[in-house]
Structure formats: structure tokens, C-alpha cells
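For reference, the structure is listed below as C-alpha cells.
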Protein chains: 2
Amino acid sequence: MNALPDEELATRVWRGMRGLVVDRHERRKEVCEALGMSFVRVKALRLVAAGPLTLRRLAEQLTTDPPYTTVVVADLERRGLVERAPHPGDRRAKIVSITPEGVRAAELAERILGTPPAALLALDPADLDALDRVITRLLAT
Amino acid sequence: MNALPDEELATRVWRGMRGLVVDRHERRKEVCEALGMSFVRVKALRLVAAGPLTLRRLAEQLTTDPPYTTVVVADLERRGLVERAPHPGDRRAKIVSITPEGVRAAELAERILGTPPAALLALDPADLDALDRVITRLLAT
DNA sequence: TTCATTAGTTGCACTATTACAACGGTACGC
DNA sequence: GCGTACCGTTGTAATAGTGCAACTAATGAA
């Protein structure tokens with residue numbers, strides 16, 4: 001309950017990061033337009049691109065239910081970006097994996113989403129380095 | 001075209017920040033559930049809470065078209081969270097402003113969205129300080 | 001005044017999202 | 001083998017988001 005200075009500072013930092021990423025440099029629409037699909041599909045595509053996974057696991061990562069995940073995957077499959085294969089060890093399950101064309105689409109998405117804003121590029125090298133060090137540490141958690 | 005080390009570093013930092021904010025600690029669902037409304041409405045509410053603005057301007061900030069903005073504002077008004085008043089200088093325009101109840105709802109949203117993740121709270125004070133310094137600089141741009 | 005422009009609104013159409021029920025096929029403990 | 005639990009799918013339905021056309025009211029320039 002006691003708002004220690006550190007907690008306040010962390011809050012300020014968090015809101016700042018959120019402001020930069022979400023409020024100022026949201027690229028959802030851009031990437032959706034570029035790939036010609038809704039954002040859930042982009043998200044699913046990127047998850048599959050990161051490595052094959054079962055449909056249920058994909059549903060969890062998308063925080064949607066299995067039925068809708070089926071719809072999304074079916075759509076991506078129709079586009080030739082992913083494919084479904086039976087799970088070797090469990091014939092109930094299916095493995096969703098990326099196709100070569102899917103890799104290209106996912107790379108495009110990454111390129112759009114991953115391009116740093118001008119302010120970051122213009123940052124003092126020392127600051128950028130400090131940022132990199134701390135962010136890396138945070139991600140390691 | 002030439003990928004300077006700094007540009008690569010900026011890209012890595014940006015992707016890291018995005019990963020933290022968007023991929024790991026997305027709070028959209030949480031805040032939508034808490035306020036009982038869709039995310040566009042939350043976004044609109046927060047924008048109005050930041051200061052009264054014309055409906056057109058709100059539409060721009062939401063990156064939606066005026067018709068849908070009307071729908072969203074009408075819904076927020078029905079909930080008693082915002083109100084529409086004629087623009088003093090331009091009788092075509094309307095000013096959307098927050099109500100006391102809207103302020104409370106917006107504060108709840110801010111509290112949910114603005115709560116830093118555990119990893120950030122657990123960060124070394126020196127790192128947190130460095131982060132704060134650079135983020136602040138970035139936001140000043 | 002006239003006319004093009006702008007702000008907001010209403011209505012319509014279409015797609016996307018989300019949840020829920022139910023089903024067939026499979027796995028696994030008993 | 002049996003029953004239970006699980007995986008993916010289909011179907012249904014409700015809500016949300018998006019774009020477009022058309023309309024009213026008001027502005028402002030020629």
C-alpha cells in the first residue's frame with residue numbers, strides 16, 4: 001500500500017513505455033493493411049512463425065477459445081501461410097506450422113512492427129546503450 | 001540503407017519495448033472487463049479525460065471515421081461518462097467533455113493500464129533510474 | 001446571395017470478434 | 001473394455017468494428 005519512491009518511479013517508467021509503444025507508435029492498422037488481414041491473424045501468424053505449435057497452445061497465446069482459433073487458422077491456411085499437420089504423438093492434436101510464404105508475410109509484419117520510431121533512432125548513443133542494457137535485463141525475467 | 005550499429009541497436013531496443021508492453025503485459029482485456037466496455041470506448045474515454053475536445057478531433061485520435069465516433073460517444077454519454085456541448089465559436093461542432101463519473105472510470109482505466117509489471121518493480125534502482133531518464137527524454141520529443 | 005466546405009448525425013452493409021453448445025475422434029487410467 | 005477427459009471442429013448467436021452514402025445545420029469565401 002505504501003507508495004515507495006521506487007514504485008512511483010516504476011509506474012512513471014511503465015506509463016512512459018506504454019505511451020511510446022501504444023499511444024504514439026501503434027502500428028496495428030499499418031501492418032493489417034500491409035498483410036490484408038485482421039490483427040488477430042497477424043498475431044497468430046507471428047506466433048506460428050516463432051515455431052510450430054498445437055492449436056490449443058495457439059489459442060492460449062491468443063487468449064481466445066479453440067473454436068475461434070480454428071477459424072483464424074483455417075483462414076491463414078486458405079491463404080497458404082500456415083499448414084496443419086497431425087501431431088505425431090497425439091492423433092487428437094494438430095500442429096500448426098509456417099509455410100515459406102507465411103515466413104515472408106511474418107517477416108513483413110516484423111519489419112513494420114519492429115521499425116523503431118524516429119525519436120529512438122535520434123537518441124544519444126549512450127542513452128540508447130543504457131536503454132538496451134536495461135530492456136535486455138527486463139526481458140530476461 | 002546501411003544498417004549502422006546504432007540502427008540495429010535501436011531496432012533491438014524497440015522490439016524489446018514492444019515485447020514488454022504489447023506481447024507480455026497487454027491489459028486490454030482486463031481494463032475492458034473492469035469498465036464493461038470495448039477498448040475503443042476506453043480509448044475514447046481516456047482521450048476525453050485528458051481534456052475536452054471536438055468530436056472530429058476525437059475521431060482523428062481514435063483513427064476512426066466520424067460516424068463511428070458518434071456511436072462511441074453516444075454510448076459513453078448514455079453511460080453518463082461524457083457529455084456533449086455545443087462549441088462556443090462554431091455551432092456546427094460539439095465539444096465532448098468528461099463527467100465526474102467519467103473521471104472515476106478513466107482513473108480506474110489508468111490504474112489498470114499504468115500498473116507496472118513485477119519485473120519492472122523488481123528492477124535495480126539504478127537501472128530503473130537510467131530507464132526513467134531515457135524514457136523521459138524520448139517522450140519529450 | 002450563392003455555393004463549396006465542414007461538423008455531426010443517421011442508416012445500411014459487411015466483416016470480425018467472442019462466447020457457448022454440441023459433436024466426432026482420440027487418449028488414458030481403471 | 002469403459003468411462004472420463006481432452007483436441008479440434010462445426011454451428012449458432014450476439015456484439016463490435018469499419019466503411020460508405022446521404023442528410024441537416026452551420027461556416028465562410030467569392
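Chain A is the first sequence line, chain B the second, and so forth, proteins listed ahead of strands; every chain is numbered from 1. Side chains are part of it too, since the values below use all heavy atoms of this structure and drop only hydrogens, waters and symmetry mates. Everything numeric in this text was worked out from a predicted model, so none of it was measured.
Comparing C:dG8, C:dT5, D:dT9 against the side chain of A:Leu55 picks out D:dT9 as the nearest. For A:Arg92, counting side-chain heavy atoms from C-beta on, the closest listed nucleotide (D:dC7, C:dA7, D:dG8) is D:dC7. Residue B:Asp65 has its side chain nearest to D:dC20 when only C:dG8, D:dC7, D:dC20 are considered. Across C:dG8, C:dG11, D:dG8, the shortest atom-to-atom separation from the side chain of B:Lys94 is found for C:dG8. The side chain of B:Thr54 approaches C:dG8 more closely than any other nucleotide in the set D:dT9, C:dG8, D:dT27.
For D:dC7, neither phosphate oxygen OP1 nor OP2 lies less than 4.0 angstrom from any side-chain nitrogen or oxygen of A:Arg91. For C:dT17, one of the phosphate oxygens OP1 or OP2 lies less than 4.0 angstrom from a side-chain nitrogen or oxygen of A:Tyr68.
Atom CG of A:Leu62 and atom P of C:dA19 are 12 Å apart (whole Å). Distance A:Asp75 CG to C:dT17 C1': 13 Å, rounded to the nearest Å. Put simply, CZ on B:Arg56 is 11 Å from C1' on C:dT5, counting in whole angstrom units. As a whole-Å value, the separation of B:Phe39 CZ from D:dT18 P is 12 Å. D:dT18 atom P lies 11 Å from atom CZ of A:Arg28, rounded to whole Å. In this structure, the NZ atom of A:Lys29 is 14 Å from the P atom of C:dA16, given to the nearest Å.
Counting any heavy atom pair closer than 4.0 Å across all strands shown, B:Ser38 reaches sugar-phosphate atoms only and no base atom. Nucleic acid contact class of B:Thr69 (heavy atoms, under 4.0 Å, all strands): none. Counting non-hydrogen atoms under 4.0 angstrom, B:Val40 reaches the backbone sugars and phosphates but no base. B:Arg41 comes within contact range of the sugar-phosphate backbone alone, with a heavy-atom separation under 4.0 Å but no base atom that close. As judged by a 4.0 angstrom heavy-atom cut-off over every strand, B:Arg84 is placed among residues touching the sugar-phosphate backbone only.
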